[in-house]
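Numbers here are sequence positions counted from 1. From a predicted model like this one, the values you see are computed outputs, not experimental measurements.
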Amino acid sequence: MQALSLAFSPRFIVFTLAVLLTLVFLVLIAAGAAPGANGFFWVGAFLLGALSLLGVHDLAQKRHAVLRNYPISAHLRFLLEGIRPEMRQYFFESETDGLPFSRTQRAIVYQRAKMALDKRPFGTLRDTNSVGYEWMRHSITPKPVANGDFRITVGGPDCAKPYSMSVFNISAMSFGALSANAIRALNKGAALGGFAHDTGEGGFSPYHREGGGDIVWEIGSGYFGCRTPNGRFDPERFREAAANDQIKMIEIKLSEGAKPGHGGVLPGAKVSAEIAAIRGVEQGKDCISPASHSAFSTPNELVAFIAKLREFSGGKPVGFKLCVGHPWEFLGVCKAMVETGIAPDFIVVDGMEGGTGAAPLEFCDHIGMPMREGLVFVRNALIGVNARERIRIGCSGKIINGFDMARAMALGADWCNAARGFMFSLGCIQSMSCHTDHCPTAVATQDLTRSRALVVTDKTERVCNYHASMVQALADLVAAAGLNHPHELKPEHFSRRVNVHESMTFAELYPALERGELISGSRDEIWRKAWDMARADSFAPT
């Protein structure tokens with residue numbers, strides 16, 4: 001019955017009609033119903049039979065999930081792409097289609113995930129005289145390109161189990177937001193390539209476990225995977241889950257870039273019985289996390305919670321992720337670090353340009369600090385309280401190519417995370433239907449008839465390839481700058497055009513604080529006022 005219903009669904013109707021009409025024509029030919037029309041019937045049977053065979057091929061092939069979900073009809077998409085002028089399709093950044101990433105950016109990921117040629121002729125098509133254009137300074141004596149296996153050790157002096165982390169990893173995307181097959185492919189790709197996979201706040205699911213890839217377990221305000229029946233933090237459930245050797249780090253989500261100040265949202269259409277069981281929520285109802293945590297309510301309580309999680313996990317690195325909002329709130333956490341001596345092992349700065357499967361438009365477009373400003377702010381704050389050496393900084397927010405990574409690392413990041421880039425490597429085409437459960441490429445759906453279209457073995461390789469090519473692109477840039485490691489990148493290696501006649505280095509645009517400057521008294525009035533407003537005993541300003 002389910003197969004019959006699927007056959008006549010809008011997704012399969014073209015294929016189904018082609019098969020049925022082929023059979024009709026063959027029956028008419030065999031029956032000799034209209035001898036004078038036999039030629040027409042033979043032509044129809046041949047054409048429709050060819051379409052039917054194409055549909056069978058679409059269902060059987062493993063490279064394109066959209067063809068497996070829309071046999072025959074999805075070829076229209078590829079046809080339309082093919083007849084566009086090639087330059088407009090692949091190279092013009094201005095052609096964004098109103099989507100978060102341009103065709104150029106998507107094409108780069110697709111090519112690198114498939115290990116296809118990603119070079120282009122005729123040089124840059126950007127207007128280098130336009131305000132905002134940015135570039136990296138190269139060296140007249142470039143270094144040999146390193147092998148690209150750049151790693152950073154995460155874990156401060158209170159951490160018993162530090163983790164050697166790749167400089168490029170999978171950002172937070174939950175099972176629930178993504179399909180089981182998408183999670184499988186991401187995690188197996190991470191295991192194959194030796195990088196980390198952030199679970200998102202949806203919890204450490206069985207599909208994360210299957211691949212054996214390194215896990216950063218994100219704990220949001222819903223405490224999925226370590227919650228009591230009434231939705232509060234459960235220490236015993238946390239201890240049990242965190243003991244898994246696959247979990248390498250614990251990340252407390254204070255806020256996310258796409259909707260900071262707003263709880264996580266998984267629309268009811270995607271809350272299947274399995275999701276409901278894993279998260280401990282009601283099936284078919286919107287799963288909405290509280291906007292703030294119940295386990296702590298002050299900076300002092302936050303750092304104490306960090307210390308508890310580090311202890312409960314057996315000494316694994318513990319940190320938090322946030323999109324920076326009120327400066328005094330983050331500086332209040334810094335004051336709590338200074339007063340208590342307790343510090344996170346890492347901080348992930350999420351930019352407001354970050355993505356999500358569902359968020360109010362106002363939050364997507366106008367709430368939170370962009371990644372670059374947030375990254376510079378966090379870096380300077382940690383320098384200002386003498387904590388930068390012990391705390392690693394990660395970042396996420398529209399990082400799609402090697403230049404994005406190099407620029408972020410020059411501004412203070414130790415590693416970068418990406419979400420949509422890895423979604424593209426899985427086959428995402430930005431259909432903008434993530435919240436509907438009707439994802440055409442099976443990346444963001446809980447519909448089992450759709451998710452089967454994503455072939456895990458094929459996408460695992462693409463995930464691994466995308467990571468490897470991104471890190472290699474970073475290695476090429478580092479060598480061109482005359483450096484050996486991306487952590488040698490500094491703000492002075494990058495410049496930005498600020499007007500038609502003038503450009504400035506990032507060192508000039510984003511001046512750094514002196515070590516301990518906030519504690520001793522900053523000469524910068526803005527920093528001094530923000531520091532004076534910050535409190536360790538409350539997130540409210542003085």
Exercise. Is it true that E353 and K398 have a side-chain N and a carboxylate O under 4.0 angstrom from each other?
Worked result: no
Problem set entry | Centroid-centroid under 6.0 Å between H293 and Y223 rings | yes
Exercise. T22 side chain to G49 main-chain N or O, any donor-acceptor pair under 3.5 Å?
Worked result: yes
Exercise. Which distance, rounded to the nearest 0.5 Å, do you find between the CG of L375 and the CG of D350?
Worked result: 11.5 Å
Could you go through residues 188-199 and list every donor-acceptor pair under 3.5 Å that involves a side-chain atom there, pairing it with any protein atom two or more places apart or in another chain?
unit_1	atom_1	unit_2	atom_2	d
H197	ND1	N187	ND2	3.2
D198	OD1	G200	N	2.9
T199	OG1	E218	N	3.1

Exercise. Considering only heavy atoms from C-beta outward, does the side chain of E134 approach that of F494 to under 4.5 Å?
Worked result: no
Seminar exercise, completed: Across all chains, not counting sequence neighbours, the side chain to side chain donor-acceptor pair (under 3.5 Å) partners of Y70 are R450
For this session: Report yes if some heavy atom in the side chain of N129 is under 4.5 Å from a heavy atom in the side chain of R497; otherwise report no.
Result: yes
Exercise. Taking the six-membered ring for Trp, are F204 and H208 parallel (under 30°), tilted (30 to 60°) or perpendicular (over 60°)?
Worked result: tilted
For this session: Start with the C-alpha distance between V348 and N417, add both sets of side-chain angles, then the distance that settles side chain to side chain contact (heavy atoms under 4.5 Å, CB included), and finish with yes or no.
Result: CA-CA 9 Å; V348 176; N417 294 333; 4.1 Å; yes
For this session: For the residue pair F168 and H467, categorise the inter-ring angle as parallel (less than 30°), tilted (30 to 60°) or perpendicular (more than 60°).
Result: parallel
Exercise. Given M165 and M249, is the side chain to side chain contact (heavy atoms under 4.5 Å, CB included) satisfied, shown in steps?
Worked result: CA-CA 10 Å; M165 192 171 199; M249 304 202 307; 3.7 Å; yes
Problem set entry | R227: partners by salt bridge (Lys or Arg N to Asp or Glu O under 4.0 Å), with sequence neighbours left out | none
Exercise. So, do H487 and W415 sit near enough that their side-chain heavy atoms are less than 4.5 Å apart?
Worked result: no
Exercise. Would you say E256's side chain and C323's backbone share a donor-acceptor pair under 3.5 angstrom?
Worked result: no
For this session: Check for a donor-acceptor pair, side chain of D404 on one end and backbone N or O of N401 on the other, with a separation under 3.5 Å.
Result: yes
Problem set entry | For the student: nearest non-hydrogen atoms of V154 and P317, plus distance | O-CG, 3.4 Å
Problem set entry | Cationic tip of R279 above F224 ring, under 6.0 Å, 45° of axis | yes
Problem set entry | Backbone of S179 reached by a side-chain donor or acceptor of T445 within 3.5 Å | no
Seminar exercise, completed: Contacts of S433 meeting side chain to side chain donor-acceptor pair (under 3.5 Å) (sequence neighbours excluded), chain-then-number -> S431
Problem set entry | Closest heavy-atom pair and its distance - R452, T449 | CG-O, 3.3 Å
Seminar exercise, completed: One should read off an interatomic distance between F346 CZ and I393 CD1, to the nearest 0.5 angstrom, of 12.5 Å
Exercise. Has the side chain of S425 got a donor or acceptor atom that lies under 3.5 Å from a matching backbone atom of A113?
Worked result: no
Exercise. Any side-chain heavy atom of L23 sitting closer than 4.5 Å to one from V19?
Worked result: yes
Seminar exercise, completed: So OG of S469 and CZ of R112: to nearest 0.5 Å the spacing works out to 5.5 Å
For this session: Kindly give the heavy-atom pair with the smallest separation between P71 and L59, and that separation in Å.
Result: CG-CD2, 4.0 Å
Exercise. Out of curiosity, L178 CG to L426 CG, how far, rounded to the nearest 0.5 Å?
Worked result: 7.5 Å
Problem set entry | Side-chain touch K316/Y163, heavy atoms, less than 4.5 angstrom | no
Problem set entry | Single hit among D414, V478, L474 for side chain to side chain contact (heavy atoms under 4.5 Å, CB included) with M409 | L474
Exercise. When you check the side-chain N and O atoms of R184 and N181, is any donor under 3.5 Å from an acceptor?
Worked result: yes
For this session: With the side chain counted from C-beta on, respond yes when K285 and V271 share a heavy-atom pair under 4.5 Å apart, and no when they do not.
Result: no
For this session: Could you list the residues that satisfy side chain to side chain contact (heavy atoms under 4.5 Å, CB included) with H57, not counting sequence neighbours?
Result: Q61
For this session: Mind checking the NZ-CZ spacing from K459 to R63? Nearest 0.5 Å is all I need.
Result: 7.5 Å
For this session: Report, as yes or no, whether the 6.0 Å neighbourhood of atom CD on Q472 holds more than 12 heavy atoms from other residues, nucleotides or ligands.
Result: yes
Problem set entry | Distance in Å, Q283 CD paired with E274 CD, rounded so as to fall on 0.5 Å steps | 11.0 Å
Problem set entry | Heavy-atom pair with the smallest gap, counting every atom of F422 and L186 | CB-CD2, 3.9 Å
For this session: Might you work through the side chain to side chain contact (heavy atoms under 4.5 Å, CB included) test for R372 and R407, ending with a clear yes or no?
Result: CA-CA 9 Å; R372 187 180 311 188; R407 179 174 54 194; 3.5 Å; yes
For this session: For F424 and I400, run side chain to side chain contact (heavy atoms under 4.5 Å, CB included): C-alpha distance rounded to whole Å, both residues' side-chain angles, the deciding distance at 0.1 Å, then the answer.
Result: CA-CA 10 Å; F424 293 157; I400 201 71; 4.1 Å; yes
Problem set entry | Test side chain to side chain contact (heavy atoms under 4.5 Å, CB included) applied to V14 - qualifying residues, sequence neighbours left out | I72, S73
Exercise. Going by heavy atoms in the side chains, are I429 and P440 under 4.5 Å from each other?
Worked result: yes
For this session: Please name the pair of heavy atoms, one in R496 and one in G132, separated by the smallest distance, quoted to 0.1 Å.
Result: NE-CA, 3.6 Å
Seminar exercise, completed: For D245 and K248 the tightest heavy-atom approach is O-NZ, 3.0 Å
